[in-house]
Amino acid sequence: VCSGQIAFILEHGSASAVQNIVCAHLDSDLPLIVSWQGTLTRNFDERLYSSIDTLIVDSSRWQDPAAELAALCAALESGTASFDVRDLSWTRSHFLRMALAGCFQDARALEQLHHVTDIEITHSASHRMAALLLGAWIAQRLGGTPADRLAFARRDGAPLRLSLVQKDTGPALQSLVLHGPDIRVQLKRDGDSHFVHLCATCPGHENEEVYPADVDSPEELIGEQLSRAGGRTLYAALIPLVRQLLQ
């Protein structure tokens, strides 16, 4: 595999200078993957995003997530953009989601899935967006629609509540608990452990397993995204739901 990287250091450059330099060095025959650090500034305009194939962002660094998601939606709905969004906050829950899905491979656990009434996610102080994205994904999978702040209504009218617990230190996502009248599923990561411990109980079924934990550093997270480049993620479908939760 051959690749190349060109780096520019600009001082006191205008927005148009950035766009001119970037666009002049694009190869139309190659996909453009842009890793955008920080907030979406005025440099993120139609001329640039119409050329992007994959946009990598990290919403944990956003000062105003609601405004940033609005800007992403505006770009995606502009009719000139077709890029896929890869948010590192979403990547931070990849193995946790895989472990949760694996838990419901058992038929008895799957029968109880739609009786879940509460979702509790523990996260570190700077990673509330990762918790919101994970909670929104679970609620969406369970057929929930926003009814109030962090509360959902399911198709049968049953309530579904999302609770976020913030810790000052520790990994981005530290635990996930689903529970209902006859089911409790807990995935927990202790400190800097490279593993997540799963414990699930419901009538006639009890399961304990260990799964790999998600990587932590931005470099590792971007590597995870690039290793799976191609295809679309569920992230874009979650944006409208997360925007409602941020209101």
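Between Trp36 and Phe44, the ring planes lie perpendicular to each other; the angle is over 60°, past the 30° to 60° tilted range.
His123 has its side chain out of reach of Lys167: every pair of non-hydrogen atoms, C-beta onward, lies at least 4.5 Å apart. Between Met129 and Leu88, every side-chain heavy-atom pair lies at or beyond the 4.5 Å cut-off. Taking 4.5 Å as the limit, every side-chain heavy atom of Thr54 sits out of range of all side-chain heavy atoms of Val34.
Shown here for Ala70 and Arg243, the closest heavy-atom pair between the two residues is CB-NH2, 3.7 Å. Across every non-hydrogen atom of Leu100 and Trp137, the tightest pair is CD2-CZ3, 4.0 Å. The shortest non-hydrogen separation linking Leu246 to Ala66 is CD1-N, 3.8 Å. Residue Cys103 comes nearest to Ala109 through the heavy atom pair O-CB, 3.9 Å, listed as atom of the first residue, atom of the second, then distance.
Under the 4.0 Å criterion applied to side-chain N and carboxylate O atoms, Asp118 and Arg161 are assigned as salt-bridge partners. Under a 4.0 Å N-O distance rule, the pair Arg47/Asp45 does not qualify as a salt bridge.
For Asp87 and Ser59, the side-chain atoms include at least one donor-acceptor pair closer than 3.5 Å. In this model, a donor atom of one side chain and an acceptor atom of the other lie less than 3.5 Å apart for Arg97 and Ser93. Remark: the Ser50 side chain and the Thr80 side chain contain no N/O donor-acceptor pair separated by less than 3.5 Å.
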Inset, instruction - Would you sort out whether Tyr211 and Phe95 count as a ring pair (Phe, Tyr, Trp, His ring centres under 6.0 Å), showing the intermediate values? - result: CA-CA 8 Å; Tyr211 291 89; Phe95 284 112; 9.6 Å; no
